[in-house]
Number of protein chains: 4
Amino acid sequence: MLNKIILIGRLTRDPELRYTTNGVAVARLTIAVDRPQFNREREKETDFIDIVVWQKLAETCANNLGKGRLIAVDGRLQIRSYDDSQGIRRKAAEVVADSIRFLDWPKDRDNQGGGQFNSGSGSGSGFGSEISFNGDDIPF
Amino acid sequence: MLNKIILIGRLTRDPELRYTTNGVAVARLTIAVDRPQFNREREKETDFIDIVVWQKLAETCANNLGKGRLIAVDGRLQIRSYDDSQGIRRKAAEVVADSIRFLDWPKDRDNQGGGQFNSGSGSGSGFGSEISFNGDDIPF
Amino acid sequence: MLNKIILIGRLTRDPELRYTTNGVAVARLTIAVDRPQFNREREKETDFIDIVVWQKLAETCANNLGKGRLIAVDGRLQIRSYDDSQGIRRKAAEVVADSIRFLDWPKDRDNQGGGQFNSGSGSGSGFGSEISFNGDDIPF
Amino acid sequence: MLNKIILIGRLTRDPELRYTTNGVAVARLTIAVDRPQFNREREKETDFIDIVVWQKLAETCANNLGKGRLIAVDGRLQIRSYDDSQGIRRKAAEVVADSIRFLDWPKDRDNQGGGQFNSGSGSGSGFGSEISFNGDDIPF
DNA sequence: TTTT
DNA sequence: TTTT
C-alpha cells in the first residue's frame, strides 16, 4: 500500500543489461550499502542489494555506470517467489528503481554534479518532478 | 539533488481546485501532521503542511477528499519565494505531491482498502510502479 | 551508506516474539503490501515483507498487534546470508524497524489516532523526534 | 503522524552553532537542493532548505562541515509560526535532522567514504541502526 | 486559520 | 542571500 526505499551505495559489478521477449530493456545492478558502524570493535557489515531497472533508465545505467560507482536509488522493495534449479521454492528480494542519481563521476569526465535519471515507465516522480508544467504558476 | 518526503496526516479543510492560465489543474490541500508525543506533560504539537497537487491527481483529490480525511503523501519539499501584498519578501514551503494514498474512507463507502493515486505528470514512481511491463518477466 | 525504507501494510499473522541468548527481545512480523494496480486486467500483486523489531518496540508490537492490523514501518533493508537445513546457501531479506506506527485500531478500543512507537535502541529519530529539548526554543 | 524527509544537497554557507539557555547545542545549516532539469530550456531551479540540528550532531556538523559540502539529511519537516520584527505573523519551514551523512570530503582528507552521524537525541534510527545488539543473532 |  |  506504500513501499518506498532510498539507498546510497556502490556498484559491486558492472550493470547487466537484457531484453524481455517483448523487447523491453531491463538492467540488473548490485550495490553494496555499508551499515553505520557504531562501535569500532565489530567488523564492517554491508548489505548487498539487487536493483532492477527498466526501460530507458536501464540503458542509461548500462551505458554510464560501472563497478565501484556511487549511486542513489529511489524505488520500492519487491519480493519474488520462484523455484530454483533443484525445484526448491526460493524468495528473491530486489529493489525496483524509479529513479537513480549518479553521485560520483569518473575523474576523466567533466561533469560536476552527477546526473539524475528517472524510470522510463514514469517521470515526474522519483527524486522530484517537473512542477509548474510549462511555466505555469500556481494560481493561488 | 534528492528531495523526497513522505507524510501521513488529516486534511484541515476541503481541497481547493484551480486551473492555471494554460488549463492545468492544481489543487491545494493542507494536512495536520501530529508530532509524536514523548512526554505527556507537553501539549500536543502539530505541523500544518501545505500540499500542491497537479493535473489529474488534483481533480481526483478535489472529487474524493474532504476535511478530516487521512492521507499519505509522497512528494518533494519545495521552497518558493514571493513578495506579499506589502511588498515584503516571503518564503512559502509546500510539498509537491507525486502520489497520494487515501487511508480512510467515509463509512458509507464500501471500499476496504483506500485508493492509490499517482501524479498525472508521471506514473510508475510514487508509491510503486508497474514493474513487469505487460506481463514480461525479468529475463535473468 | 544510506538505507531507508517506509512501508504501509497489513500483518499476515500475529507477531512472533522471542528473546536472544542475551535476553534481548526480538519480534518478527510479516506484512502484505499491495502493489498499486494500474490496469484492472492483471491480478492483484502483493509483496509479503518480513519485519524484524528489537527491544521494547518488539514487546509493544507483540502486545498490541495481531493479524490483519494496518501499520506503517520505517526502517532499513537488511540482507542476511545463511545456510538452510540442506546446507544450501540462501539469502533472507528483512526490514529492520526503527519505528512503527499503528494506523488502525480495533473498534473496541477508544484510541482515536493510532500509536507511534520508536525502536528501543534509539528514540528521537524514526517518524519524528522530540525537537526542542525540554521547552528550549531554537536560539536564532 | 508520519513525517519523513530525505535530502541531498550542498551547504550554501558554514553551519551556525548556538546554545539554548539550557545549554543544548543547536546548529543551523542551509542546503541547496537542485531540482532535476527535464528540459534544457528552463533555467536551473533550486530549493534552499534550512536544516536544524540538535545536540552532539550539531557540534559534529559545526566542526566538520563548511560551505559547499555535500550532505544527505534524514529528518522531518517542521513548520513554525512566529511574529517577525514588524509584528507580522510568519511561518518558517525547516527540516529537523535525525541523521546526517557527509557525502564528500575535502580533498586533503584521506577519508574515502564519508561519515555517518546520528542525532544525539536518539540513535539506532536515522540511516540504519545497530541491529543485532552486541552480537546477538536473531533467534528464528 | 486548522485535522482526529 | 545562496551550493557545485
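A, B, ... follow the sequence lines: proteins, then strands. Residue 1 opens every chain.
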Undergrad: To the nearest Å, give me how far apart CG (D:Leu11) and P (F:dT4) are.
TA: 10 Å
Undergrad: Ignoring the backbone of B:Lys44, work out which of F:dT2, E:dT4, E:dT2 is nearest its side chain.
TA: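 Nucleotide nearest to B:Lys44's side chain: E:dT4.
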Undergrad: Using side-chain contact (heavy atoms from CB on, under 4.5 Å) as the criterion, point out the one residue from B:Val52, B:Val95, B:Ile100 that pairs with B:Leu29.
TA: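 One option only clears the test, and that one is B:Ile100.
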Undergrad: For D:Arg35 and F:dT2, what is the distance between atoms CZ and P respectively, to the nearest whole Å?
TA: 15 Å
Undergrad: Going by an N to O cut-off under 4.0 Å, is there a salt bridge joining B:Lys91 and D:Asp50?
TA: yes
Undergrad: Given side-chain contact (heavy atoms from CB on, under 4.5 Å), test B:Arg35 with B:Asp47 step by step and report yes or no.
TA: CA-CA 7 Å; B:Arg35 300 184 192 161; B:Asp47 292 291; 2.9 Å; yes
Undergrad: Pick from D:Ile8, D:Leu65, D:Leu11, D:Ile31: which one makes a side-chain contact (heavy atoms from CB on, under 4.5 Å) with D:Leu70?
TA: D:Ile8
Undergrad: Expressed in angstrom and rounded to an integer, what is the separation of C:Phe140 atom CZ from F:dT1 atom P?
TA: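 It is 20 Å, rounded to the nearest whole Å.
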Undergrad: Within the modelled atom types, does a donor on one side and an acceptor on the other bring the side chain of D:Lys91 and the base of E:dT1 under 3.5 Å apart?
TA: no
Undergrad: Between the base of F:dT2 and the side chain of D:Thr46, is one N or O donor paired with an acceptor at under 3.5 angstrom?
TA: no
Undergrad: Return the value, rounded to whole Å, for the distance between atom CG of B:Asp14 and atom C1' of E:dT3.
TA: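 Going from B:Asp14 (CG) to E:dT3 (C1'), I get 12 Å.
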Undergrad: Just how far, in rounded Å, is P of E:dT3 from CZ of B:Arg13?
TA: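 Answer to the nearest Å: 12 Å.
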Undergrad: Do D:Lys67 and F:dT4 share a donor-acceptor pair, side chain to base, under 3.5 Å?
TA: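 No, the side chain and the base share no sub-3.5 Å donor-acceptor pair.
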Undergrad: Quick test of the criterion, 5.5 Å between centres and less than 30° between planes. Is D:Phe48 stacked on F:dT2 or not?
TA: yes
Undergrad: Please state how far atom CZ in D:Arg90 lies from atom C1' in E:dT1, giving the value in whole angstrom units.
TA: 18 Å
Undergrad: Please give, in whole Å, the distance from E:dT1 P to D:Arg80 CZ?
TA: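 My rounded result for the distance is 15 Å.
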Undergrad: Without decimals, in angstroms, what is the distance between D:Asp34 CG and F:dT4 P?
TA: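 D:Asp34 atom CG is separated from F:dT4 atom P by 11 Å.
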